[in-house]
Visitor: 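Take this structure first; my questions come after.
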Amino acid sequence: MGTGPLMLDLNRIRNQPEEVARGLARKGVPAEAVERLVASDAAWRKAIAESDRLKALRNDLSRKIGARKKAGEETEAAQAEVREIGERLKQLEQEALESEQLLRRLMLETPNIPSPSVPDGPDESCNRVEKVWGVPPSFSFEPKAHDELGVALGILDFERAAKMSGARFVVYVGAGAALERALISFMLDLHTTAHGYTEVLPPYLVKAHALEGTGNLPKFEADLFKVDGGAFYLIPTAEVPVTNLHRDEILEEKPLPISYCAFTPCFRSEAGSYGKDTKGMIRQHQFHKVELVKYSKPEDSYQELEKLTSDAESVLEALGLCYRRVTLCAGDMSFSSAKTYDLEVWLPSQKRFREISSCSNFEDFQARRANIRYRPEGGGKPRFVHTLNGSGLAVGRTVVAILENYQQADGSIVIPEPLRPYMRGQALITAR
RNA sequence: GGAGAGAUGGCCGAGUGGUCGAAGGCGCCUGACUCGAAAUCAGGUUUGCCCGUAAGGGCAACGGGGGUUCGAAUCCCUCUCUCUCCGCCA
């Protein structure tokens with residue numbers, strides 16, 4: 001077990017346990033859990049203090065033995081004494097280690113505290129709609145679902161995907177594959193040029209500690225695909241490698257905020273989602289995403305969340321897709337998040353909005369877990385950065401939205417103007 | 001997959017059992033000198049944790065873990081990572 005910084009700010013838990021408990025209660029954490037944290041912290045501090053004291057004694061005696069040996073004096077008695085101290089120390093260190101491990105385990109399983117600006121509530125029914133952009137398209141016919149359209153056009157093939165990989169996979173064919181690729185390039189170009197993000201292309205396989213840094217482990221192992229007996233995990237999102245890019249680093253203040261965008265495939269086992277979205281491309285084991293990640297100074301992070309969210313929104317706007325922005329309530333937020341905006345795109349076949357992007361401020365939660373700090377200009381102690389990320393956007397779901405929103409009576413699909421340069425000028429997808 | 005080499009502070013690089021958290025150099029910061037700068041000189045320059053209102057005190061860290069010892073950067077075991085060569089491969 002490392003001696004590095006822990007997840008939530010321990011000092012905050014020590015000094016304001018009631019306030020922490022109130023915040024965590026909003027995420028459904030029982031008060032007893034916070035009490036356990038406080039108790040195990042006290043036990044750990046007691047053990048560490050006693051063992052440090054004994055170590056100081058041992059160091060002192062050993063030093064004296066060295067000096068006496070040099071002087072040619074007898075040291076047997078002193079050596080025996082230190083041996084004895086060593087024995088006692090072994091026990092004490094064991095105690096200290098055990099209480100630290102307990103504390104660490106509790107801390108790793110404790111979620112982030114919601115920001116005060118986040119509404120109360122246990123589930124999505126309490127999410128707050130912030131705005132709606134655009135209007136749902138009107139059709140003179142009954143709009144079809146994306147999978148029906150895609151199969152009819154010959155650009156999506158679920159049956160053949162199942163032959164090799166089973167359920168929750170798809171094969172893109174022809175214009176379908178080209179559309180996916182066009183969207184990736186379009187999004188990356190938009191974010192790198194108009195919004196100032198630096199493109200990175202990270203590994204898709206990561207070690208467990210990287211997932212611990214972002215908060216996916218230890219609690220959500222079942223959502224992940226394990227490779228090579230657990231030596232690696234397939235990334236569930238680019239958030240994992242890109243947030244861990246600066247793990248264990250002390251950054252300069254000047255370049256903050258640092259903004260990255262990354263295109264990667266994402267792999268999710270979707271355990272526990274049996275029966276949900278079984279048709280179509282909404283929920284797949286493998287999908288593509290362009291992710292936005294920021295490292296920010298603490299005092300700027302909420303302003304950066306607004307920017308990041310509107311950067312993601314600008315993709316939807318450029319594509320002319322009607323969407324709304326929703327603030328997730330405390331109980332509906334992810335484990336690591338302090339505040340999350342979901343962007344939901346209109347899907348005509350379902351006659352409702354569906355998530356296409358999730359933009360979060362993690363404050364210093366991930367930074368503590370991954371040990372990412374910056375040094376304030378002009379010196380001073382390193383401080384934890386705030387990390388943020390958001391989808392900009394989930395590519396597969398964007399294809400879904402385009403197919404459904406741009407469908408014509410004959411089943412063809414109009415390609416949104418900004419994508420055409422990325423598809424050799426093609427403006428319409430028709431049956432092959 | 002086979003054979004070998006290595007991992008020390010922001011960087012380079014010493015150190016093979018006893019005030020070594022670690023020489024020296026570079027870089028950086030402060031002061032002196034200067035009209036200013038350069039050069040030069042002097043001083044400073046890791047991080048985490050515990051105790052303390054503070055001043056301050058203590059513990060830990062030389063890739064990770066374990067062992068030997070009164071005492072480990074130094075000896076032993078093990079894991080990870082990096083590099084070189086061979087094979088294979090996009």
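A note on names: the letters A, B, ... follow the listed sequences, proteins ahead of strands, and every chain is numbered from 1. Since the structure is predicted, the reported quantities are computational estimates derived from the model, not experimental observations.
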Visitor: Do any side-chain nitrogens or oxygens of Arg375(A) fall under 4.0 Å of OP1 or OP2 in rU46(B)?
Guide: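 Arg375(A) to rU46(B) OP1/OP2: no side-chain N or O under 4.0 Å.
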Visitor: Under a 3.5 Å cut-off for both distances, is rA38(B) Watson-Crick or wobble paired, and to whom?
Guide: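 Partner of rA38(B): none found under 3.5 Å.
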Visitor: Does rA90(B) have a Watson-Crick or wobble mate here (both distances under 3.5 Å), and if so which one?
Guide: none
Visitor: Indicate whether any N or O donor in one side chain lies under 3.5 Å from an N or O acceptor in the other, for Ser269(A) and Asp223(A).
Guide: no
Visitor: Which one is paired to rA22(B), where only Watson-Crick or G-U wobble pairs with both distances under 3.5 angstrom count?
Guide: none
Visitor: Indicate whether OP1 or OP2 belonging to rC70(B) is found under 4.0 Å from a side-chain N or O atom of Arg83(A).
Guide: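 Yes.
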Visitor: My understanding is that a pair needs two contacts under 3.5 Å, Watson-Crick or G-U wobble. By that rule, which nucleotide pairs with rG9(B)?
Guide: none
Visitor: Decide whether Glu199(A) and Tyr260(A) meet the rule of one side-chain donor and one side-chain acceptor closer than 3.5 Å.
Guide: no
Visitor: Does the side chain of Asn59(A) get closer than 4.0 angstrom to OP1 or OP2 of rC70(B) through an N or O atom?
Guide: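 No, Asn59(A) has no side-chain N/O under 4.0 Å of OP1/OP2 on rC70(B).
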Visitor: His285(A) vs Phe169(A) aromatic rings, parallel, tilted or perpendicular, using cut-offs 30° and 60°?
Guide: tilted
Visitor: Would you confirm whether Ser337(A), through its side chain, and Phe362(A), through its main-chain N or O, come within 3.5 Å as a donor-acceptor pair?
Guide: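 Side chain of Ser337(A) to backbone of Phe362(A): no pair is present.
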Visitor: Looking at rC83(B), which nucleotide sits across from it as a Watson-Crick or G-U wobble partner, both distances under 3.5 angstrom, or is there none?
Guide: rG4(B)
Visitor: With a 3.5 angstrom cut-off on both distances, give the Watson-Crick or G-U wobble partner of rA54(B), or none if there isn't one.
Guide: none
Visitor: Could you check whether Lys64(A) gets within reach of a base, just the sugar-phosphate, or nothing at all, counting any heavy atom under 4.0 Å?
Guide: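 Lys64(A): no heavy atom of the nucleic acid under 4.0 Å.
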Visitor: rG17(B) pairs with which nucleotide, Watson-Crick or G-U wobble, both distances below 3.5 Å?
Guide: none
Visitor: Are any of Lys207(A)'s side-chain N or O atoms less than 4.0 Å away from OP1 or OP2 of rU80(B)?
Guide: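 So the side chain of Lys207(A) is outside the cut-off, no N or O lying under 4.0 Å from OP1 or OP2 of rU80(B).
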Visitor: At under 4.0 Å between heavy atoms, what does Arg14(A) touch on the DNA or RNA strands: base, sugar-phosphate, or nothing?
Guide: sugar-phosphate
Visitor: Would you mind classifying the nucleic acid contact of Ala78(A) as base, sugar-phosphate or nothing, using non-hydrogen atoms under 4.0 angstrom?
Guide: nothing
Visitor: For rC28(B), which nucleotide in any strand shown is its Watson-Crick or wobble partner with both distances under 3.5 Å?
Guide: rG44(B)
